Protein chains: 2
Amino acid sequence: MAKRPTIPDSELDVLKVLWRRGRATVREALETLNAAGRDWSYATVATLLDRLENKGLVESDRKELAFVYTPAISEQEVRKRRVDGLLDKLYEGDPGLLVLHLLKSHPLDPGQASRVREVLDEMTASKSSKKKG
Amino acid sequence: MAKRPTIPDSELDVLKVLWRRGRATVREALETLNAAGRDWSYATVATLLDRLENKGLVESDRKELAFVYTPAISEQEVRKRRVDGLLDKLYEGDPGLLVLHLLKSHPLDPGQASRVREVLDEMTASKSSKKKG
DNA sequence: GACCTTGTGAGACACTTGTCTTAGGATGGG
DNA sequence: CCCATCCTAAGACAAGTGTCTCACAAGGTC
């Protein structure tokens, strides 16, 4: 197994642009980021994309003049890693605990609450037969 | 408001010892940590406690020979900060999304599931009256 | 062909994190 | 008093992060 690279915040911001747009050159990413309130230089974004590529988290393909970068890891996967890390570090690996704390500190609105109930029901209903979603 | 210090993993491990024991000297923390599988030198733990103190996250009091450290931030608070950071970075600040993802990737056992249902019910029931703690 | 424009590559540089070494102060046994 | 301990102070040092500068290549323009 290859080692899990860490994803620092600034790299994550760049990655998010790729998830949203599907792919981007350095300049496109830069513009998206700066439009969203960031204030980076071209070189900064280039460095971040380069580091992401070294970590295997994005891929590049030279199209015409510039490199075009595409994500090589999904947002789901990154979320999962972060959540697992959090569970591990602060919740003794117990997802129930996290959920409870989450609900206590961030109450859900009724719509979300019922979606959560549905999921819970499905979960306990399909105790031993279904496996898929 | 002072700036939120970051809490790196190694410092967090030391902090956890203080939460569990209430207070500890460098040596006590070292022994607890190493008994738990860590393999640090005395100086490492001393450095970590020192950094934590500079960040205002622990306090020290010289008792007899050695400093005795106590936590100045609660586990709850650290958890909250981490969760908030996660929500912010990867869930557009939407706790419902995180809960849903969590349930999807880490199914709860029935006991936990019903505890969660209770909390949900309380939440939607006491829309505007109770303020429990 | 000299000159922009847009790109890349290399690397600088300060700060943080992870971990340790070394020097020196206080304490207690002989 | 001198030594062995245990403690703190100071800081070393490599790797990772956050951000940028600078030199230089490829492609158009006149």
Side-chain angles (χ1 to χ4, degrees), chain A residues 2-18 23-34 36-70 78 81-82 85 88-90, chain B residues 2-17 23-34 36-70 78 81-82 85 88-89:
Chain A
K3 238 178 104 96
R4 294 287 175 94
T6 60
I7 309 179
D9 286 352
S10 54
E11 287 172 23
L12 186 54
D13 285 346
V14 175
L15 208 39
K16 283 203 259 186
V17 171
L18 298 188
R23 64 202 156 59
T25 61
V26 173
R27 182 153 307 277
E28 288 163 351
L30 172 69
E31 273 157 14
T32 303
L33 286 160
N34 285 354
R38 279 292 192 176
D39 184 27
W40 277 337
S41 83
Y42 185 97
T44 298
V45 178
T47 298
L48 295 174
L49 279 166
D50 199 52
R51 288 180 182 168
L52 281 167
E53 188 169 21
N54 286 334
K55 294 179 183 178
L57 302 177
V58 311
E59 283 164 7
S60 67
D61 184 23
R62 184 155 225 157
K63 282 270 153 67
E64 339 237 318
L65 219 187
F67 280 112
V68 173
Y69 292 87
T70 47
V78 172
R81 290 187 189 180
R82 292 276 171 127
D88 229 56
K89 278 287 166 193
L90 283 171
Chain B
K3 243 181 102 95
R4 293 287 175 94
T6 61
I7 308 180
D9 286 352
S10 55
E11 288 172 24
L12 187 54
D13 286 345
V14 175
L15 208 39
K16 284 203 259 186
V17 171
R23 64 202 156 61
T25 61
V26 173
R27 184 153 305 276
E28 288 164 350
L30 172 68
E31 275 158 14
T32 302
L33 286 160
N34 284 355
R38 279 293 193 175
D39 184 27
W40 277 337
S41 83
Y42 185 98
T44 299
V45 178
T47 298
L48 295 175
L49 279 166
D50 199 52
R51 288 177 182 168
L52 281 166
E53 187 168 22
N54 286 334
K55 294 177 183 177
L57 302 177
V58 310
E59 284 165 5
S60 67
D61 184 24
R62 186 153 223 158
K63 280 272 152 70
E64 338 239 317
L65 220 186
F67 280 113
V68 174
Y69 293 86
T70 46
V78 172
R81 290 186 188 180
R82 292 275 172 127
D88 228 57
K89 277 286 165 192

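So that the names make sense, note that chain A is the first sequence line, chain B the second, and so on, each numbered from 1. It should be emphasised that the depicted structure is a prediction, and the values quoted were computed from it without experimental measurement.
The CZ atom of A/Arg38 sits 4.5 Å away from atom CG of A/Asp13, with the distance rounded to the nearest 0.5 Å. To the nearest 0.5 angstrom, A/Leu52 atom CG is 9.5 Å from A/Tyr69 atom OH.
Both A/Leu65 and A/Thr44 lie near DNA chain D, and the one whose nearest nucleotide falls closer to the 5' end is A/Thr44. Take the nearest nucleotide of DNA chain D for B/Val68 and for A/Ser10: the residue whose nucleotide is more 5' is B/Val68.
If you measure from atom CZ of B/Arg38 to atom C1' of C/dT17, you get 12 Å, rounded to the nearest angstrom. Nucleotide C/dT16 holds its C1' atom 14 Å from the CG atom of B/Leu52, rounded to whole Å. Spacing between atom CD of B/Glu64 and atom P of C/dT27 amounts to 11 Å, rounded to whole angstrom units. Put simply, CG on B/Leu49 is 14 Å from P on C/dT19, counting in whole angstrom units. Rounded to whole angstrom, the span from the CG atom of A/Asp50 across to the P atom of D/dT19 amounts to 16 Å. Distance CZ (A/Phe67) to C1' (D/dA25): 12 Å, rounded to an integer number of Å. Atoms NZ (B/Lys63) and C1' (C/dA26) sit 19 Å apart, rounded to a whole Å. The CG-C1' distance, from A/Leu48 to C/dA10, rounds to 16 Å in whole Å.
Among the nucleotides D/dT8, D/dT19, C/dT8, the one closest to the side chain of B/Val26 is D/dT8. For B/Arg51, whose side chain is taken as the heavy atoms from C-beta onward, the closest listed nucleotide among D/dA9, D/dT17, C/dT19 is C/dT19. Out of C/dT21, D/dT21, C/dT17, the shortest distance to the side chain of A/Ser41 is found at D/dT21. When distances run from any side-chain atom of A/Thr6 to the nucleotides C/dT19, C/dT21, D/dT17, the shortest one goes to D/dT17. In this structure, of C/dT17, C/dG7, D/dT8, it is C/dG7 that holds the atom nearest to the side chain of A/Arg27.
In terms of heavy atoms, A/Leu49 sits closest to A/Val14 at CD2-CG1, 3.5 Å.
Inter-residue side-chain proximity for B/Trp40 and B/Leu48 is flagged as met; some heavy-atom pair is nearer than 4.5 Å.
The base of C/dG7 is not paired with the side chain of A/Arg62 by any donor and acceptor separated by under 3.5 Å. Between the side chain of B/Thr47 and the base of C/dC20, a donor-acceptor pair under 3.5 Å is found.
In this structure, A/Lys16 contributes its side chain and B/Lys89 its backbone to a donor-acceptor pair below 3.5 Å.
Heavy atoms of A/Tyr42 sit under 4.0 angstrom from at least one base atom. If you check every strand for non-hydrogen atoms under 4.0 Å, B/Ala66 touches sugar and phosphate atoms only.
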